[in-house]
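Worksheet: one structure, shown below.
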Amino acid sequence: MRHKTLAGAGLLAVAALALSACAPQAPEAPSGGASEAGNDTLTIATTTDVVNYNPLIGNSRSDYWVTNLMYPHLLSIGDDGAKEAQLATEWGYVDDTTGYYEIRDDMTWSDGEPLTAEDVAYTMNAVKQDQPSGTFYGQMTNFASATAVSDTRVEIQLTQPDSSIVEEIGFWGNVVPQHVFEPAGSVAEFANDGDGGWVSAGPYLLTTVQAGQSYTMERVENYPLVDGGTPIAAKVVYRVYPDVNTEILALQSGEVDVIANSLPPAQVQQLQNTDGIEVAEVTGLGYAHMTYNMQNPDLAKVEVRQALAHAADYEAIRNVVLQGQAVSTGSSPLMPVLSKYYDDSITEYAFDPDQSRQLMEDAGYTADGDGMFPVSFRLIYSLQDPVTSQWAQLVKDGAAQAGIRIELQGSERNTYLSQTNDGDYDIYAGNFAIMDDPVTNFSLSYLPGGAINYTYNDDAELNALIAEASQTFDEAEKISLMQEAAKIVHEQVYDNVMYTQNLYVAYSSEWDGFMSKPSELLSIVNPVSVASAFRVAE
């Protein structure tokens, strides 16, 4: 049996909650193992094509995996959500409305241009101005402007105090080359589709695209974040497969070396006992959930949302579909892994179809002779997500016991993402990969206009709590405010959190040197990990 928990690389950064906060110096590149650059190709399986090559607007997992190998982030992340150095070496606040980053002085773009604070400031200002859809722009509510005060220092001005923004935009935002993106105009419209070639400051450069088949990336010789300063594998190829089962067959046959997406729970034990395959456990910083679109007049009624919440058998979902590999969050968006914020007084919605029926009656509905209420809701999910595809059926079955009809609508992932962005659903079922900072997560998820406010709610009391928490630099006060906010989310069912789980990823035992980061987005396909991986000598 092979079952590994891979250690993350780098020092743990201290959270910048005091005005004088200052992160530690950048960690040294990992040492040990085979670090000499070779001629091998690392082949990674994925189930989706790249939709956007512009990292400022990407929304597919494959978008993220490919563009992350070219466009660096200021900060990385540890298993507990704490931020770590990447391009930035120090970060914090000068005062309550001025943040800063000190960045490395040894990074260059693949065309020879140096990566400086000007690129960082340009990226932030362009995102604020052009408003590309996605998480980066969603973080910038209180961002006013960025200024490169030297080649290695960026200072950001805020419209009001925000104790989360420095770390959050540092982690979520890629840095792009000003000399490539600025001449192209709006960053919200720039396709960055490789016309004339791409430019990279990551470990690899995209060189060949065969849509529906593969994405080939070649080594960039200067990448100082890894031991020796050069990625080990000469090439990385992302190969597209229709589903995870086909990916597993490709891994077993040696056609691929890594499966980027996490394994379905039912496949974990089998692959742990398969010769030639390693299974690594990856810390989960996200959760699976359902949200109810309050633009639907039926779902605008809190009793109906509560009825749906009590019509799902969460324990059965975790035991049957997740094979016991998931835990409850207490139906709260404050997960146990965020131990400072977790509040065990918030308890999971009980599976109780009779209570659901009573709630529907309280909302003014009367069941027909078959015991069904005169409502029907369309639940969307991604067919490329085998776990959600399974528990969606259990949700439908539980709702039927409560007299509520649910129509399941699974679709190809990019269609599903488009439906999500357009609000084209009654119930959204899916996963958030990384929910690392409660204040930022709540701002994006529950404030009016939030980038992932899939319920479309606008709750004045909740809004005020989130705003107050955002502006305080006192950790104890921030925690108390967010716990109060979580109680409102739970009571009003603005988010129905199903579970959180650690993930499992598989790779060939012919490769080693991977460095795990939390979540499926980073996992063992984060830039430092991919650049550090090496073929084991026979």
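Side-chain atoms are counted along with the backbone in the values below, which use heavy atoms only and exclude waters and symmetry mates.
- Using modelled atom types, one side-chain atom of Ser529 and one backbone atom of Ile524 make a donor-acceptor pair closer than 3.5 Å.
- The two atoms that bring Ala117 and Ile103 nearest to each other are N-CD1, 3.5 Å, heavy atoms only.
- With hydrogens and angles disregarded, no donor-acceptor distance shorter than 3.5 Å links the side chain of Tyr241 to the backbone of Ile248.
- Summarising the local packing, CG of Asp195 is surrounded by 12 or fewer heavy atoms from other residues, nucleotides or ligands at distances under 6.0 Å.
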Would you be so kind as to tabulate the donor-acceptor pairs closer than 3.5 Å made by side chains of residues 209-217, with sequence neighbours excluded?
unit_1 : atom_1 : unit_2 : atom_2 : d
Gln210 : OE1    : Ser214 : OG     : 3.2
Tyr215 : OH     : Asp49  : OD1    : 2.4
Tyr215 : OH     : Val50  : N      : 3.1

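- When each of Val240, Val66, Val258 is checked for a side chain to side chain contact (heavy atoms under 4.5 Å, CB included) with Thr46, only Val240 meets the rule.
- Panel note: side chain Asp63, backbone Asn52; a donor-acceptor pair is recorded below 3.5 Å.
- Remark: the Asp119 side chain and the Trp109 side chain contain an N/O donor-acceptor pair separated by less than 3.5 Å.
- Without hydrogens or angle criteria, Tyr416 side chain to Gln409 main chain gives no donor-acceptor distance under 3.5 Å.
- Distance alone, capped at 3.5 Å, is enough to place a donor-acceptor pair between the Thr89 side chain and the Glu102 backbone.
- Glu189 and Asn54 are not linked by any side-chain donor-acceptor pair at a separation below 3.5 angstrom, with hydrogens and angles left out of the test.
- Taking the six-membered ring where the residue is Trp, Tyr446 and Phe442 present perpendicular rings, their angle passing 60° and hence far from 30°.
- A donor-acceptor contact shorter than 3.5 Å links the side chain of Asn441 to the backbone of Met435.
- Under the 3.5 Å distance criterion, with hydrogens and angles disregarded, no donor-acceptor pair is assigned to the side chains of Asp385 and Ser382.
- Not one N or O on the side chain of Asn125 forms a donor-acceptor pair closer than 3.5 Å with the backbone of Gln129.
- Tyr71 and Phe181 have perpendicular rings, their planes meeting at more than 60° on a 0 to 90° scale where under 30° would count as parallel.
- Residue Ile44 holds its CD1 atom at 7.0 Å from CG of Leu69, rounded to the nearest 0.5 Å.
- Open room surrounds CD on Glu510; 12 or fewer heavy atoms of other groups in view lie less than 6.0 Å from it.
- Side-chain contact annotation: Thr500 with Thr329, donor-acceptor N/O pair under 3.5 Å absent.
- Between Lys517 and the options Asn526, Val528, Leu285, a side chain to side chain contact (heavy atoms under 4.5 Å, CB included) holds for only Asn526.
- Summarising the local packing, NZ of Lys128 is surrounded by more than 12 heavy atoms from other residues, nucleotides or ligands at distances under 6.0 Å.
- Among residues two or more places apart in sequence or in another chain, the side chain to side chain contact (heavy atoms under 4.5 Å, CB included) test is passed with Tyr425 by Asn293, Ile380, Tyr428, Tyr454, Tyr456.
- No donor-acceptor pair under 3.5 Å is formed between the side chain of Trp91 and the backbone N or O of Ala85.
- Here the side chain of Asn496 pairs no donor or acceptor atom with the backbone of Met290 at under 3.5 angstrom.
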**Request:** Apply side chain to side chain donor-acceptor pair (under 3.5 Å) to Thr98 and Glu155, showing your working.
**Result:** CA-CA 7 Å; Thr98 307; Glu155 292 189 358; over 6 Å; no
**Request:** Run the numbers on Asp243 and Thr246 for side chain to side chain donor-acceptor pair (under 3.5 Å), then give the verdict.
**Result:** CA-CA 6 Å; Asp243 54 53; Thr246 312; 2.8 Å; yes
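- The salt bridge (charged side-chain N to carboxylate O under 4.0 Å, His left out) test applied to Arg239 returns no partner, not counting sequence neighbours.
- The structure places CD1 of Ile156 at 6.0 Å from CE of Met124, a figure rounded to the nearest 0.5 Å.
- With 3.5 Å as the limit, one finds a donor-acceptor pair spanning the side chains of His73 and Asn68.
- Distance check: Glu167 CD to Ile77 CD1 gives 9.5 Å after rounding to the nearest 0.5 Å.
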